[in-house]
Amino acid sequence: YLRTMPLRMPIADDWAQNTVYNYYQNQLTNQINEQYPNLPEQNKGALVQREWQTYYVQNQQLIDSQITQLAEEYRNKFRDDSGTLYILGIDPYHYYRLVSNVLTYGHPGTTIKNGEPWDEYFVYPEGRSAGKDFHAYFVALLHKVMNIGSSVPLMTSFFYIGVIFSALATIPAFFIGRKVSGNNVGGFFAALIVATSAFFVSRTTGESSDTDVYTVFFPLLVLWLFIEAYEARTLKRGIILSLAAGLATGFFSAAWIGGWWYIFLFALAAAGLTLIIHALIHYKELKTYIRSTAVTNPLVLLGTYIVSSAIFVSIFSSFSDFVNGFLGPLGFLRIKAVGVTSLWPNIRTTVAELNVPPFSAVVDQLGGAILLIIAVIGIVLALRRRVDGERDYKVALLLAMWLVASLFATTKGVRFILQVIPVLALAVGIGLGILWSVISEWLTRTLHVNRKIAMVLVFLLFSLLFIKPVQAGYQSAYNSVPSVNDDWYNTLTKINTQGDKNAVINSWWDFGHWFKAIANRPVTFDGAAQTGHGAYWIGKALITNDEKNTIGILRMLN
């Protein structure tokens, strides 16, 4: 419901109402100014409101019909001639074009060079490898499925990616929350946060931020399969689930090549630390203990997960990507470094979503300090959990590392708040699920409240914590509209249909993906090529006062 809201665009009704109301109120204000020029402004305002109320009652049907008509005109500003809503963001047009290439050429590039897909529209005139792109192939497949027996525009198919995977992400969140907390309440609150978190909604409504939805869905899926593997009733079933977790990790590497490794490393660290802790607890009978199934089975499962991840990451990405995953944290620390790997400017330092937010802003985006405190409590309570008679530290350790690391990641940019969402959801869900069980039991045992009544009362009490976060998620969806409008679309379409076929669009990077996808022309650099020479030369061409200098730079670049 939230992520499809741009299709309905209820905010257009607000725009139309404000426009129509202001039009009539301004007319009344002008009339009153003419009749009572010396009347104090405060009195004029009160008189305008009285006249407006009378006028509205007398002409309500006319005014409401004008609002309805104008609202539809506003909505149509964000749709093409066939009524298809434009994709919401900037970066999604990069993937939209790759999908178009897959459907047209059978691969994400515009041509084949040295046996691999090559995209001639990037950093023109050199171009670059189009690589393997999970997003492009998946959307192309979805588009073909949606067009069985019907005719669905590609933009419409693209719109539903964020919708589908956001919905799917609630499933592993629910089952992890339920398993660790021991009840459905823990699963419910974990899934609720994933579904309604304002920041997650803003990044996935109508495919507004390309592959962001995968960075929530796949870690949750990997963790769910990983936990289920360790708690399977038989070793055979555990191995199958470990293989599935490795497969999910492989898909994650294809969907987010730059950051897939973090859930993999956290899983390894948590499982390894748990084995070490258990060994220390059983140090008196260590020789016997390390030969028992309590050690051998987890080692088999851990080994299966590592090997399967290596295989599937190598298949879907490359073996070097798997190896480099162990060095991923070091690369992340240098994401905004200047003059380290290149002398060209690092434009990531100017990207809005990589601006560093204050910690208070991060907490607000996550739903408030109370939820963060509950998340910490949930991780602590998860330490008490037992599996087969032993305390299970894996989940608590993994969540603790994940929460700390993801909060640290927000010091590199506001976009990394997204990585906090899934771990916050799980920790809060687990915490509230355990607390719900304990408090309900205490009310029943100590205050002799009917057990079912106690369970309902505590659940409703906890639900109050989510009123503001859910409202924030709703408002985020409500305010989501495409950045592209008819003016942009028609201008770029005119370049496509009437412009020189050899033209290159030179601009700052922000709208490069629009130029490539809609105007169908190559660019010097864009949001996916921010660290090369293009930024320096285009910047110089834009700020110089010498027109000949600019012409010379553009000739050199193109």
Before we go on, tell me: are the rings of Tyr283 and Tyr289 under 6.0 Å apart, centre to centre? no
Distance under 6.0 Å and angle within 45° of ring axis: Arg3 vs Tyr160: no
Would you confirm whether the ring centroid of Phe217 sits within less than 6.0 angstrom of the ring centroid of Phe165? yes
Would you please classify the geometry between the Tyr96 ring and the Tyr93 ring as parallel, tilted or perpendicular, with 30° and 60° separating the classes? perpendicular
Whether Asp321 side chain and Asn324 backbone form a donor-acceptor pair below 3.5 Å: no
Using 30° and 60° as the class boundaries, would you call the ring planes of Trp260 and Phe264 parallel, tilted or perpendicular? tilted
I'd like to check Ile87 versus Val484 (side-chain heavy atoms, cut-off strictly below 4.5 Å). Are they in contact? no
Under 6.0 Å between ring centres, would you say that holds for Phe158 and His143? no
If you define the side chain from C-beta out and look only at heavy atoms, does anything of Pro6 sit under 4.5 Å from Phe159? yes
Using the six-membered ring wherever Trp is involved, compare the ring planes of Tyr95 and His135 and label them parallel, tilted or perpendicular (cut-offs 30° and 60°). perpendicular
Does a side-chain N-to-carboxylate-O contact under 4.0 Å join Asp13 and Arg75? yes
Just to verify, what does Ala232 make a side chain to side chain contact (heavy atoms under 4.5 Å, CB included) with, not counting sequence neighbours? Arg237, Leu241
Decide whether Tyr478 and Asp14 meet the rule of one side-chain donor and one side-chain acceptor closer than 3.5 Å. yes
Charged N to carboxylate O under 4.0 angstrom, Glu231 versus Arg385? yes
Could you label the plane-to-plane angle of the Phe138 and Phe134 rings as parallel, tilted or perpendicular, counting under 30° as parallel and over 60° as perpendicular? parallel
Can you check whether Met9 reaches Val481 side chain to side chain, under 4.5 Å on heavy atoms? yes
Please check if the side chain of Ser476 supplies one atom and the backbone of Ala472 the other of a donor-acceptor pair under 3.5 Å. no
Main chain of Gly433, side chain of Asn183: is a donor-acceptor contact present, judged purely on distance under 3.5 Å? yes
Main-chain N/O of Lys394 paired with Thr274 side-chain donor or acceptor, under 3.5 Å: yes
Report yes or no: do Asn147 and Ser150 form a side-chain donor-acceptor pair below 3.5 Å? no
Side chain to side chain donor-acceptor pair (under 3.5 Å), that's the test. Do Ser483 and Tyr86 meet it? Break it down for me. CA-CA 8 Å; Ser483 302; Tyr86 301 131; over 6 Å; no
All heavy atoms of His513 vs all of Asp91, minimum pair found to be CD2-OD1, 3.5 Å
Check the surroundings of atom CZ in Arg384: do more than 12 heavy atoms from other residues, nucleotides or ligands lie under 6.0 Å from it? no
For Thr410 versus Pro357, what's the shortest heavy-atom pair and its separation? O-CD, 3.3 Å
Donor-acceptor pair, distance only, cut-off 3.5 Å: does the side chain of Asn450 make one with the backbone of Ile453? yes
Within the structure provided, determine whether Val420 and Phe200 are in side-chain contact (heavy-atom separation under 4.5 Å). no
Within a radius of less than 6.0 Å around CZ of Arg451, do more than 12 heavy atoms belonging to other residues, nucleotides or ligands occur? no
Please check: side-chain N/O of Thr446 versus main-chain N/O of Leu443, any donor-acceptor pairing under 3.5 Å? no
Parallel, tilted or perpendicular: which one describes the rings of His278 and His282, with boundaries at 30° and 60°? perpendicular
Would you call Leu399 and Ile430 a side-chain contact if the rule is heavy atoms closer than 4.5 Å? yes
Looking at Pro108 and Gly131, what are the two nearest heavy atoms and their distance? CG-O, 3.8 Å
To check you understand the geometry: which heavy-atom pair defines the closest contact between Val194 and Ser166, and what is its length? CG1-O, 4.5 Å
Do Phe188 and Phe174 have ring centres separated by under 6.0 Å? no
With a 3.5 Å distance limit and no angle check, can you tell me whether Thr156 reaches the backbone of Val152 through a side-chain donor-acceptor pair? no
Do NZ/NE/NH1/NH2 and the carboxylate oxygens of Arg79 and Glu72 come within less than 4.0 Å? yes
Can you give me the closest heavy-atom contact between Ile263 and Pro219, atom names plus distance? CG1-O, 4.0 Å
Geometric class of the Phe466/Phe189 ring pair [parallel <30°, tilted 30-60°, perpendicular >60°]: parallel
Heavy-atom side-chain proximity of Thr249 to Trp261 below 4.5 angstrom: no
Trp256/Tyr214 aromatic ring centres below 6.0 Å: no
Can you confirm whether Ile374 sits close enough to Leu465 that some side-chain heavy atom of one is under 4.5 Å from a side-chain heavy atom of the other? yes
Residues, nucleotides or ligands: over 12 heavy atoms within 6.0 Å of Leu286 CG: yes
Distance-minimising heavy-atom pair for Leu366 and Leu424: O-CD2, 3.4 Å
For the pair Ser440 (side chain) and Ser437 (backbone), establish whether a donor and an acceptor sit closer than 3.5 Å, ignoring hydrogens and angles. no
Would you say Thr304 and Ser242 are linked by a side-chain donor-acceptor pair, where the criterion is simply a distance under 3.5 Å? no
